[in-house]
Peer 1: 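Take this structure first; my questions come after.
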Protein chains: 4
Amino acid sequence: MARTAEKRERSHHEKRNLILQTAQSLFSETGYAATTIAEIAKSAGVSFGSVFSYFESKEALFKQSLLEPLEQNKSMFLRFTTFETPSETVQALIRIHMEFVARNAAFLRIIQQVIAQRAQFPDLFEELDRFNHEFQDALCPIILQGQEMGEFSSGDPNLVATSYLSFLLGLRLAYADPPGHSLWSAMTVMAYRLFGPTAGHGEA
Amino acid sequence: MARTAEKRERSHHEKRNLILQTAQSLFSETGYAATTIAEIAKSAGVSFGSVFSYFESKEALFKQSLLEPLEQNKSMFLRFTTFETPSETVQALIRIHMEFVARNAAFLRIIQQVIAQRAQFPDLFEELDRFNHEFQDALCPIILQGQEMGEFSSGDPNLVATSYLSFLLGLRLAYADPPGHSLWSAMTVMAYRLFGPTAGHGEA
Amino acid sequence: MARTAEKRERSHHEKRNLILQTAQSLFSETGYAATTIAEIAKSAGVSFGSVFSYFESKEALFKQSLLEPLEQNKSMFLRFTTFETPSETVQALIRIHMEFVARNAAFLRIIQQVIAQRAQFPDLFEELDRFNHEFQDALCPIILQGQEMGEFSSGDPNLVATSYLSFLLGLRLAYADPPGHSLWSAMTVMAYRLFGPTAGHGEA
Amino acid sequence: MARTAEKRERSHHEKRNLILQTAQSLFSETGYAATTIAEIAKSAGVSFGSVFSYFESKEALFKQSLLEPLEQNKSMFLRFTTFETPSETVQALIRIHMEFVARNAAFLRIIQQVIAQRAQFPDLFEELDRFNHEFQDALCPIILQGQEMGEFSSGDPNLVATSYLSFLLGLRLAYADPPGHSLWSAMTVMAYRLFGPTAGHGEA
DNA sequence: GATGAATGAGGATTCATTCAT
DNA sequence: TATGAATGAATCCTCATTCAT
């Protein structure tokens, strides 16, 4: 009996995730407004009504398809490993981010939608804005340190941080290439350039 | 009589442009699917039916709101003035582009939509793809020249060109700041970093 | 001046007729509801607004496209030449009618519409009903005479008259053949059978 | 549970039929274009949206309102009982057909629309055309046999068959009388005349 | 009169949400 | 909870009619 409940519970959770991921994928490809619940249900292989058993409304489903992965990946973005020098730290960081960008096209497309149509999703936008600030707060000290150590050219570290984030967003917008593609590793070099590496601290 | 026809003609064209610009603005803010023709009509101060006198369908209106400004600005993007050194040329270029990005938020948001939901707008996406290639073809020689003259670090010039475009797109996605804001001029420096300027050829 | 006015007058009348005939043709092919004024104008080669200069409304145009030819051809249908014997009279009649049916597809299709959707065109239907009665009143005496003379089998002459009219309508419904087609002459024989010709008075 | 599903299934099917029959009735009275889905829904006592749950589109609903009764009654029209003599067979046939014509005004009005506006419903028209040919193929042998046995006057049997069908169509066009009306039985005599019965084989 | 742009009521269709089973 | 039919508000688009030129 306990096992049954557990199993049901697990299955319950799995079904919810299945719906959520399918929704994320479809919302990202087709956009919020043009994606229908019927499509999501069909694509996820669940019944139409089930979607509403697990999510209160279409909007709630959209929100979750942004907020849950955001929550899951926040720490990865914000709590990065520090190496001996800032340049090493940043380069390691970029590799991780680029990998993430390459692998999470759907998630980033949803972020793009929220940013582009911020008037439609004000609370989600605010959430992203908060994340942006947290990210700047985490990255700036490293940049500053690098500038002080002469590894990076001088300049407003906040500007560097935001242009770096914009660059990542823009990349994912422009490219539909699959994760394994060499483009993504090549782009780490370009991303690093935004930090203004001085001679001797460029990409090896 | 001729004057009357002329005047009517002019007014006719102005009304069309009014609708087109209103549409561009609303499409960019709210997205294609969530923008209604009724909103566009009301916002432009014309009747609902008038929109359909000037544009065959909602889709046609959307297409024109991308294609017409694209056509108008293509040459500005592709035929840039060449200065004595590549670095000067590129820096001048960036200033022009950044000014354009700052001033044409609506246009760029529509481009973002088309790129993000390319499956929904295949012919528009193709058009943008063509533009992208033309832009690379125009920019690469300058980058190569700069690399040969030692002004820019080496690296695939196509990669530089595309990351530059992605950066511009990403910037306009991330920021809602008005044209005059200092952010845009500050960002020219960041954009220039993507070209990998060597010591002595950085931003002045 | 007088000539100019006359010419203008003639041209005016011709233009009106052009519109009317085009309308008749399109109404008959596409049906009243599915035919648009714009189509009529384009097909007639006149400006859109002209249609409303000559006819008060779409409905008025439809009505005229039935009533005018009806008025013009009424006498032909009702005042037929009498020959020596009823059978000759009827056979001559049928030839004329069949010729008319073959040549006036559009007109008959409009009649069919009015009859079929009588609730939509009550006054037009009434007009046709009146014509039907007049036709019966004109034809019955001939039929009776023929029956008395032993040329036609006995039977309610009204029944014969109405079945004859129904037959003509049904024919024009079923066939799209052009006027010259042999079908129409062949059908005169079938039409004559409805009168119940006795041996020796059949079609020669 | 099975019973519930069965009941639901039945009710589902009944609702579909209710919509279909209401649609058939309204389409026949008002014509395809002038009949609105809202009217059909209201008249059938179902919600507006329900119509679209059961039928893909207005056009599909119209098609079904012709094709389903056509399919159901095809065999009745084509597979007739043969009596000892062709004249008996034909007279029995006519009684059945006339009964059908009297009872199925709506169905026949829809057929009339499709024939009259064949350009708008090409596939439906083709279907009717096929039926027409099948009917001729079935009827001609009987007529021929009757002609050989001297019961019917000579003449192209195809002509007889098609004029007979045209007559039925024309009848239903001209009369709005209810099924029980004496007109319909009286008309069997007229219909029989089209076969050219020779003396001694006329209507009893 | 002639023209064709302007208007908005009306209609087909979609789809989120509700709800009975 | 699972299902999918029922609902009707919302939206695109058409087109008769009006009207300014």
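Basis for what follows: all heavy atoms, side chains included, without hydrogens, waters or symmetry-related copies. Keep in mind it's a predicted model, so treat the numbers as computed, not measured.
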Peer 1: Validate the cation-pi geometry between A:K58 and A:F27: distance from NZ or CZ to the six-membered ring centre under 6.0 Å, angle to the ring axis within 45°.
Peer 2: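 Checked: cation-pi criterion not met.
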
Peer 1: Find the distance A:Y54:OH to E:dT17:P and express it as a whole number of Å.
Peer 2: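 One finds 19 Å between P of E:dT17 and OH of A:Y54, rounded.
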
Peer 1: Taking only the side-chain nitrogens and oxygens of A:K15, find out if one of them lies under 4.0 Å from OP1 or OP2 of F:dT1.
Peer 2: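 For F:dT1, neither OP1 nor OP2 has a side-chain N or O of A:K15 closer than 4.0 Å.
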
Peer 1: Once you measure the plane-to-plane angle for C:Y32 and C:F121, does it fall in the parallel (<30°), tilted (30-60°) or perpendicular (>60°) bin?
Peer 2: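 If you compare the ring of C:Y32 with that of C:F121, the planes turn out perpendicular.
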
Peer 1: Take atom CD of B:E56 and atom P of F:dC12, then tell me their distance rounded to the nearest Å.
Peer 2: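 Distance check: B:E56 CD to F:dC12 P gives 16 Å.
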
Peer 1: Using whole Å, what does the distance between atom P of nucleotide E:dT13 and atom CG of D:L61 come to?
Peer 2: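 D:L61 atom CG is separated from E:dT13 atom P by 10 Å.
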
Peer 1: Identify, between B:S57 and C:F52, the residue whose nearest nucleotide on DNA chain F lies closer to the 5' end.
Peer 2: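 Nearest nucleotide further toward 5': that of B:S57.
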
Peer 1: I'd like to know if A:R16 and A:E68 make a salt bridge, using a cut-off of under 4.0 Å between side-chain N and carboxylate O.
Peer 2: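 Yes, A:R16 and A:E68 are salt-bridged.
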
Peer 1: Can we say D:R118 and D:D129 salt-bridge, meaning some charged N sits less than 4.0 Å from an Asp/Glu carboxylate O?
Peer 2: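 Salt bridge: no.
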
Peer 1: Might you work through the side chain to side chain donor-acceptor pair (under 3.5 Å) test for D:S50 and D:S47, ending with a clear yes or no?
Peer 2: CA-CA 5 Å; D:S50 278; D:S47 79; 3.2 Å; yes

Peer 1: Can you see which heavy atom on A:Y54 is nearest to which on A:K15, and at what distance?
Peer 2: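 Smallest heavy-atom distance, with atoms named: OH-CD, 3.6 Å.
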
Peer 1: Rounded to whole Å, how long is the line connecting atom NE2 of B:H12 with atom C1' of F:dT21?
Peer 2: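 Roughly 14 Å, once rounded to whole Å.
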
Peer 1: Only pairs with both distances under 3.5 Å count, Watson-Crick or wobble alike; so what is the partner of F:dG8 in this structure?
Peer 2: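 Pair assignment: F:dG8 / E:dC15.
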
Peer 1: Just how far, in rounded Å, is P of E:dG1 from CD of C:E14?
Peer 2: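 Atom CD in C:E14 sits about 16 Å away from atom P in E:dG1.
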
Peer 1: Starting at CZ of D:F55 and ending at C1' of E:dT13, how long is that distance when rounded to a whole Å?
Peer 2: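 About 16 Å, once rounded to whole Å.
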
Peer 1: Does a sphere of radius 6.0 Å around CD in D:E39 hold more than 12 heavy atoms from other residues, nucleotides or ligands, not counting ones at 6.0 Å or beyond?
Peer 2: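 Yes, CD of D:E39 has more than 12 neighbouring heavy atoms, counting only those of other groups under 6.0 Å.
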
Peer 1: Report the base-pairing partner of E:dA20 (Watson-Crick or G-U wobble, both distances below 3.5 angstrom), or none.
Peer 2: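 Paired with F:dT3.
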
Peer 1: Near DNA chain F, counting only heavy atoms under 4.0 Å, which residues of residues 32-50 of chain A show up?
Peer 2: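 Contacts with DNA chain F under 4.0 Å: A:S47, A:F48, A:G49, A:S50.
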
Peer 1: Could you state the atom-to-atom distance from NZ of B:K58 to C1' of F:dA10 in whole Å?
Peer 2: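 About 11 Å, once rounded to whole Å.
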
